[in-house]
Amino acid sequence: MPMPIARQIVLASRPSGPPTSENFRLEDRELPEAQEGEVTLRVLYLSLDPYMRGRMSDAKSYAAPVPIDGVMEGETVCEVTRSMHQGFKPGDIVRARTGWCTDAVLKGDCIQHVDTKGAPVTTAIGVLGMPGFTAYSGMKVIGQPKKGETVVVAAASGPVGSLVGQIAKLAGARAVGIAGGQEKCAYVRDELGFDAVVDHRSKNFASDLANACPDGIDVYFENVGGLVWDAVLPLMNLYGRVPVCGLIANYNGASSSDHDKLPATMSAVLRRSLLMRGFINTEFVKEHYIAFQQEIGPLVASGKIKYREDIIEGLENAPDAFIGMLSGKNFGKLLVRVSVGSRELSRRS
């Protein structure tokens, strides 16, 4: 019997500057049969995230790069179609790191059952998954917002930034978001309930941010870097905290700012006793992930914590969606619907 065919997107070449469609290749491959301890998975949803741009580079980092001709890195929500592992059965919905593909065979010990406390399964790779836990751990461990403080977060309409601001509000702090364009700014203010929002596309961005933070900034959750950091730094208060989650302005190479920020940054760190810490969310899984699920899960299911998803149809459209995300074209957590699960098919029939 011929083996079933899976589709996958591989890294065809390493980008120099912003990625292009030529850096990706869609191809077919034979799907091996699951062996003892393994499961066969049908990918339902693929998460697209900024960190993937770093994996396309061979520069030294916290994780190994995707090899040329290797499947692009990515986390997915999947349905088990065949199981040779006692912990899983066909029809189970799981979270896995299959990469950008339609089907995969993985060891059962590498996947987890999805429990979203009644929320849609997509939240397992969004507000209740890696992006949500990144916001939670960065704020709880490093930011530590207190009642009456001012918390600022860039990319505030995105999956990380949107939860950062809501966590700040739950702590009694004042949440100020930075977003791009009127539609995203309105969402941050009116739907997410931030106290203020500033459009980074405004020619008066720096002064607008200062006006939105009359008492300075106590916590700045860094997602962007570049010109946004230039505007934030002068406003940081004594003993301010800066969880450094991402630097999307620098991911494609040269910074959007044309001057050396290091002297000004280090001077502020010294004079204002600032705490700056870069982090990867996996550092905090052992001590904080269960608390994250227990605290945030019910709030998402009840609607008290809000989130937005931007879902693209079809694996073949993942490269263009990813390229657009790096320039801010998505609105909310970017996902690709790769295939339809058996439960949804049964409901349709």
Side-chain angles (χ1 to χ4, degrees), residues 6-29 32 41 43 45-78 95-107 109-112 125 129-131 133-134 137-138 155 158-160 222-226 243-256 277-285 312 315-330 333-336 338:
R7 307 193 83 191
Q8 61 186 19
I9 293 178
V10 302
L11 181 64
S13 59
R14 301 201 186 279
S16 176
T20 67
S21 58
E22 285 73 24
N23 299 130
F24 304 92
R25 185 174 66 251
L26 178 65
E27 60 184 28
D28 294 339
R29 66 176 172 86
L41 304 172
V43 176
Y45 293 94
L46 164 67
S47 173
L48 296 180
D49 300 283
Y51 78 84
M52 295 170 176
R53 174 60 183 86
R55 301 291 178 87
M56 298 176 75
S57 169
D58 59 1
K60 185 176 181 180
S61 184
Y62 63 89
V66 176
I68 298 298
D69 298 327
V71 179
M72 281 293 297
E73 164 75 16
E75 192 172 33
T76 55
V77 168
C78 307
R95 187 175 69 238
R97 302 201 71 87
T98 64
W100 296 21
C101 63
T102 59
D103 304 87
V105 176
L106 295 179
K107 293 182 179 180
D109 295 343
C110 298
I111 65 178
Q112 301 85 37
I125 48 176
M130 182 274 291
F133 184 62
T134 298
S137 58
V160 176
E222 177 64 284
N223 286 320
V224 175
V244 182
C245 166
L247 296 167
I248 197 169
N250 303 88
Y251 285 172
N252 288 326
S255 171
S256 59
R277 178 178 170 185
F279 74 100
I280 307 300
N281 72 87
T282 51
E283 301 170 29
F284 304 123
V285 167
I312 306 299
L315 179 68
E316 67 278 7
N317 293 315
D320 285 344
F322 175 71
I323 292 167
M325 177 190 66
L326 294 177
S327 61
K329 292 183 178 180
N330 63 299
K333 176 70 192 86
L334 186 58
L335 303 167
V336 178
V338 177

Checklist line | Counterpart residues, salt bridge (charged side-chain N to carboxylate O under 4.0 Å, His left out), relative to D28 (two or more places apart) | finding: R7
Checklist line | Residue list, salt bridge (charged side-chain N to carboxylate O under 4.0 Å, His left out) with E73, at least two apart or on another chain | finding: R55, R97
Item checked: Partners passing salt bridge (charged side-chain N to carboxylate O under 4.0 Å, His left out) against R277 (at least two apart in sequence or in another chain) -> E283
Note to self: On a heavy-atom basis, which atom in P67 and which in L11 lie closest, and how many Å separate them?
What the structure shows: O-CB, 4.0 Å
Note to self: So, using side chain to side chain donor-acceptor pair (under 3.5 Å) as the criterion, who are the partners of S13 when residues are at least two apart?
What the structure shows: N23
Note to self: With a 3.5 Å distance limit and no angle check, can you tell me whether T76 reaches the backbone of A96 through a side-chain donor-acceptor pair?
What the structure shows: yes
Checklist line | Those residues that, when tested against D69, pass salt bridge (charged side-chain N to carboxylate O under 4.0 Å, His left out) (two or more places apart) | finding: R25
Checklist line | Residues in side chain to side chain donor-acceptor pair (under 3.5 Å) contact with Q8, at least two apart in sequence or another chain | finding: E27, R29
Check: Parallel, tilted or perpendicular: which describes the rings of F322 and W100, with under 30° parallel and over 60° perpendicular?
Finding: perpendicular
Item checked: Passing candidate, side chain to side chain contact (heavy atoms under 4.5 Å, CB included) with V43, options V338, T102, D103 -> V338
Checklist line | Partner residues of A321 under the side-chain contact (heavy atoms from CB on, under 4.5 Å) criterion, sequence neighbours left out | finding: L48, I312, L334
Note to self: For S47, give me all partners under side chain to side chain donor-acceptor pair (under 3.5 Å), at least two apart in sequence or on another chain.
What the structure shows: D49, K333
Checklist line | Any residue meeting ring-ring contact (aromatic ring centres under 6.0 Å, His included) with F133, in chain and number order, not counting sequence neighbours | finding: Y289, F292
Note to self: Once side-chain contact (heavy atoms from CB on, under 4.5 Å) is applied, do any residues pair with K329, and if so which ones, sequence neighbours excluded?
What the structure shows: S327
